[in-house]
Amino acid sequence: MAKSGLILALCVLLPALISASRPMSRPYVLQGRVYCDTCRAGFETSATTYIPGAKVRVECKDRTQKLLYTADGITDATGTYYINVNEDHGDETCDVALVSSPLGDCKTADPGRDRARVVLTSYNGIVSDSRFANAMGFMKDQVMSGCTTLLQSLMEEED
């Protein structure tokens with residue numbers, strides 16, 4: 001009885017362990033954008049500019065907050081980054097975070113918009129290998145001219 005239980009366990013667990021330790025044949029492509037909040041509004045506006053050359057990092061941690069995976073990315077000319085992730089991180093919490101901005105007057109990370117949670121698993125019903133993170137932003141040191149009018153027009157649209 002014990003022998004048949006051991007054989008059954010090996011038949012079930014061994015393939016799962018082998019597939020979990022191998023890299024994926026088609027990696028996830030994590031995509032997002034990094035912006036400069038020129039109005040210091042705390043969100044994207046029509047005056048927002050996107051930052052080429054900004055550095056971001058994806059980090060995955062287990063339930064005890066132990067760092068298990070990290071990968072870096074840099075934004076292209078449109079402020080968009082693409083990071084290939086070759087592993088499934090189903091039981092982990094993964095976030096993309098801002099690392100640095102190349103703009104001297106837009107280097108302060110916007111609190112609350114400095115990281116974005118991402119799902120990096122195929123065991124959730126998502127068929128595509130593309131993963132999208134919310135936009136993250138840095139704040140300009142000085143508010144750009146014209147922002148007061150822009151923000152007032154946004155407030156009028158809400159009423």
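Counting from 1, the numbers follow the sequence of the chain as shown.
Atom CD of Glu92 and atom NZ of Lys66 lie 10.5 Å apart (nearest 0.5 Å). In this structure, CG on Asp37 lies 12.0 Å from CZ on Phe138, to the nearest 0.5 angstrom. To the nearest 0.5 Å, atom CZ of residue Arg33 and atom OG1 of residue Thr78 are 5.0 Å apart. Put simply, CZ on Arg117 and CG on Asp95 are 4.0 Å apart, with the number rounded to the nearest 0.5 Å. Put simply, OG1 on Thr93 and CG on Leu68 are 10.0 Å apart, with the number rounded to the nearest 0.5 Å. Atom OG1 of Thr75 sits about 11.0 Å away from atom OH of Tyr82, to the nearest 0.5 Å.
Residues Ala109 and Asp114 share a closest heavy-atom pair of CB-CB, 3.9 Å. Listed here is the closest heavy atom pair of Leu120 and Cys60: CD1-SG, 4.0 Å. Ala71 approaches Ile83 most closely through the heavy-atom pair CB-CG2, 4.0 Å. The minimum heavy-atom distance between Pro27 and Asn86, with the atom names listed, is CB-OD1, 2.9 Å. Between Thr121 and Arg131, the closest heavy-atom pair is O-NH2, 2.6 Å. Across all their heavy atoms, Ala97 and Arg115 have their closest contact at CB-NH2, 3.6 Å.
Hydrophobic clustering (ILVMFWY, side-chain heavy atoms < 4.5 Å, transitive): Tyr69 and Tyr28 are in one cluster. In the hydrophobic clustering of this structure, Val58 groups with Val34; members are Ile, Leu, Val, Met, Phe, Trp, Tyr whose side-chain heavy atoms approach within less than 4.5 Å, directly or through other members.
At least one side-chain heavy atom of Val29 sits less than 4.5 Å from a side-chain heavy atom of Asn84.
The number of heavy atoms from other shown groups lying within 6.0 Å of CG (Asn134) does not exceed 12.
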Without placing hydrogens or testing angles, list every side-chain donor-acceptor pair under 3.5 Å for residues 43-57, not counting sequence neighbours.
{"from": "Glu44", "atom 1": "OE2", "to": "Tyr50", "atom 2": "OH", "distance (Å)": "2.5"}
{"from": "Thr45", "atom 1": "OG1", "to": "Ala47", "atom 2": "N", "distance (Å)": "3.2"}
{"from": "Thr48", "atom 1": "OG1", "to": "Thr45", "atom 2": "N", "distance (Å)": "2.7"}
{"from": "Thr48", "atom 1": "OG1", "to": "Thr45", "atom 2": "O", "distance (Å)": "3.1"}
{"from": "Arg57", "atom 1": "NE", "to": "Asp72", "atom 2": "OD1", "distance (Å)": "2.7"}

Do any side-chain atoms of residues 140-148 form donor-acceptor pairs under 3.5 angstrom with protein atoms, and if so which ones, sequence neighbours left out?
{"from": "Lys140", "atom 1": "NZ", "to": "Asp105", "atom 2": "OD2", "distance (Å)": "2.7"}

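In this structure, the side chain of Asp88 engages the main chain of Gly90 through a donor-acceptor pair within 3.5 Å. Panel note: side chain Tyr81, backbone Leu30; no donor-acceptor pair is recorded below 3.5 Å.
Taking a 4.5 Å side-chain heavy-atom cut-off between Ile, Leu, Val, Met, Phe, Trp and Tyr, the cluster of Ile126 contains only that residue.
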